[in-house]
Amino acid sequence: MTRLYDKVALIGLGLIASSMAHAMRRHGLAGEIAGHARTAETRKAALEIGIVDSVHETAADAVTGADLVVLAVPVGAMADVAQEIGPHLKPGCTITDVGSVKQAVIDAVAPHLPAGIHFVPGHPLAGTEHSGPYSGFATLFENRWWLITPLPDSAAEPTARLRALCEAMGANVEEMDAAHHDLVLAVVSHTPHLIAYTMVGVADHLRRVQQSEVIKYSASGFRDFTRIAASDPTMWRDVFLTNKEATLDILGRFTEELFVLQRAIRMGDGDKLFEYFTRTRAIRRGIIEAGQDTAAPDFGRGKAG
Ligand code: NAP
């Protein structure tokens, strides 16, 4: 593979950044990788694992001289980081982010960037329920989508180079506008997470009020929910605070569908339930055919997609 950037700075050294570092190293995509994280513990871990060549106590130091800067911190931390690094960015460099929400990140970051910096927001649709520098691995992005949401004035070359980086790490890249991204993600990721959090909360409540053995007997449906509901609380708090409109829209639709099924159960309408579940089963088949999951049963023990 060819080197795409001489120096990359990773701001945040958790699951996504460390996976990028592993993948960039494996494929020789970056000459040098500098990193910054909030705590000394994470910075030390990143050096020990060897995913970065240098760590820096401040984000401003880490971005000095970098050709590509990747913001891989929780969405709620993007504005402060952008404000800090703005004056220290190398003229003409590219800055991207990996935040799970796009419009809020653009609003938080863009005002802090000097003229001549190329901001190309992005979001890898890949992750696990694990966090931190030790959780990353080189193949995380393979055959996963990486959505890029260029701004109307994003220049072509920096966007193409970032696309090449994502593709070289194994991802399939698609470009779309930020509002569309946020609505799509509300359907395929954000609302499902909220439902999983809620279902696990219901089981926990039941366990407490009825001394029920829900954990002991948890079957695959509930176990899948618990895996999703084990996702990082900071990240997911920020997702719901910043993708509010789209999530509320999808939740409203979800509630309507739930009432339809609730009514079918109450009325003993088996045909309705059968027809509904047949339709949803076809969606699962479509996901497998698109290569976004395998048909192998893993009962919620495997990696998240
Ligand atoms: P993570 O494993 O929890 O890592 C977050 C990193 O950000 C940590 O290194 C943390 O440092 C650092 N950090 C937090 N606040 C900071 C601040 N104010 N200044 C500097 N560093 C700070 O998180 P992640 O899963 O990699 O997620 C990072 C981003 O990727 C988020 O925006 C998330 O929405 C997005 N994303 C996540 C997934 C997923 O499934 N996890 C998928 C796609 C996109 P310390 O360790 O020192 O606290």
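Just follow the structure's listing: the first ligand is 1, and inside any ligand the first atom is 1. Since the structure is predicted, the reported quantities are computational estimates derived from the model, not experimental observations.
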| Per-atom contacts of ligand 1 with Val75, taking only distances under 4.0 Å to non-hydrogen atoms | 32 (O)
| note | Nearest heavy-atom contact between His190 and Phe240 is O-CZ, 3.1 Å
| request: Say whether Glu129 and ligand 1 are in contact under the criterion: heavy-atom distance to a ligand atom below 4.0 Å. | output: no
| remark: The closest protein heavy-atom partner of atom 45 (P) of ligand 1 is Thr42 OG1, 3.4 Å
| task | Could you go through the salt bridge (charged side-chain N to carboxylate O under 4.0 Å, His left out) check for Glu257 and Arg253 one step at a time? | result | CA-CA 6 Å; Glu257 294 288 306; Arg253 292 162 193 261; over 6 Å; no
| Should Val63 and Ile95 count as side-chain neighbours, where that means a heavy-atom distance under 4.5 Å? | no
| ligand 1 contact by Ala126, heavy-atom criterion under 4.0 angstrom | yes
| said: Considering non-hydrogen atoms of the protein only, which is the closest contact for atom 33 (C) of ligand 1, and what is the distance? | reply: Ser100 OG, 3.5 Å
| Asp293 vs Arg284, salt bridge (charged side-chain N to carboxylate O under 4.0 Å, His left out): CA-CA, chis, key distance, verdict | CA-CA 9 Å; Asp293 206 349; Arg284 170 75 188 160; 3.1 Å; yes
| query | Which of the numbered atoms in ligand 1 are below 4.0 angstrom from a heavy atom of Leu13? | reply | 6 (C), 8 (C), 9 (O)
| note | Nearest non-hydrogen protein atom to atom 4 (O) of ligand 1, with distance, is Gly14 CA, 3.2 Å
| If you measure from each heavy atom of Val98 to ligand 1, is any distance below 4.0 Å? | yes
| request: Have a look at ligand 1 and work out which part of His123, if any, has a heavy atom under 4.0 Å from it: side chain, backbone, both or neither. | output: side chain
| task | If you have a sec, work out which protein heavy atom is nearest atom 43 (C) of ligand 1 and how many Å separate them, to one decimal? | result | Pro124 O, 3.2 Å
| query | Of all the non-hydrogen atoms in the protein, which one sits nearest to atom 3 (O) of ligand 1, and at what distance? | reply | Ser131 CB, 3.7 Å
| Minimum side-chain heavy-atom gap Glu175-Thr159 below 4.5 Å | yes
| query | Is the shortest N/O to N/O distance between Asp232 and ligand 1 below 3.5 Å? | reply | no
| remark: Going by the 4.0 angstrom heavy-atom rule, the piece of His36 near ligand 1 is side chain
| Which residue supplies the protein heavy atom nearest to atom 28 (C) of ligand 1, what is that atom called, and how far is it? | Ala72 O, 3.4 Å
| query | Quick one: nearest non-hydrogen protein atom to atom 12 (C) of ligand 1, plus distance? | reply | Gly12 CA, 3.8 Å
| field | Minimal non-hydrogen separation, Val52 against Arg25, with atom names | value | C-NH2, 3.2 Å
| What heavy-atom pair brings Thr255 and Leu251 nearest, and what distance separates the two atoms? | OG1-O, 2.7 Å
| Is atom 10 (C) of ligand 1 in close reach of the protein, with a heavy atom under 4.0 Å away? | no
| Ser18 to Gly132 - nearest heavy-atom pair and separation | OG-O, 4.0 Å
| Does Phe141 have Arg144 sitting over its ring (NZ/CZ under 6.0 Å from centre, angle to axis within 45°)? | no
| query | Polar-atom distance check: Ile16 versus ligand 1, any N or O pair below 3.5 Å? | reply | yes
| task | State the atoms of ligand 1, each with its element, that fall below the 4.0 Å cut-off from a heavy-atom position in Ala77. | result | 18 (N)
| Met169 and Val120: same hydrophobic cluster, using ILVMFWY side-chain contacts below 4.5 Å? | yes
| message | I need the nearest protein heavy-atom contact for atom 16 (C) of ligand 1: residue, atom name and distance, please. | response | Arg38 CD, 3.9 Å
| message | Counting only nitrogen or oxygen atoms and a 3.5 angstrom limit, does Val73 reach ligand 1? | response | yes
| said: Could you check whether any side-chain heavy atom of Leu29 comes within less than 4.5 Å of a side-chain heavy atom of Val8, counting everything from C-beta outward? | reply: no
Taking only distance into account, with no hydrogens and no angle test, what donor-acceptor pairs under 3.5 Å do side-chain atoms of residues 181-189 form with protein atoms, sequence neighbours excluded?
unit_1: His181; atom_1: NE2; unit_2: His123; atom_2: ND1; d: 2.8
unit_1: Asp182; atom_1: OD1; unit_2: Lys102; atom_2: N; d: 2.9
unit_1: Asp182; atom_1: OD2; unit_2: Gln103; atom_2: N; d: 3.1

| field | Contact summary for Pro150 and Met176, nearest pair of heavy atoms | value | CD-O, 4.0 Å
| query | Could you go step by step and tell me if Thr234 and Arg237 meet the side chain to side chain contact (heavy atoms under 4.5 Å, CB included) rule? | reply | CA-CA 5 Å; Thr234 304; Arg237 176 202 61 198; 3.7 Å; yes
| field | Contacting atoms of ligand 1, where contact means under 4.0 angstrom from a heavy atom of Gly99 | value | 32 (O)
| task | Return a yes/no value for Thr39: is any of its N or O atoms, backbone included, closer than 3.5 angstrom to an N or O of ligand 1? | result | yes
| query | For Gly132 and ligand 1, does the shortest N/O to N/O distance drop below 3.5 Å? | reply | yes
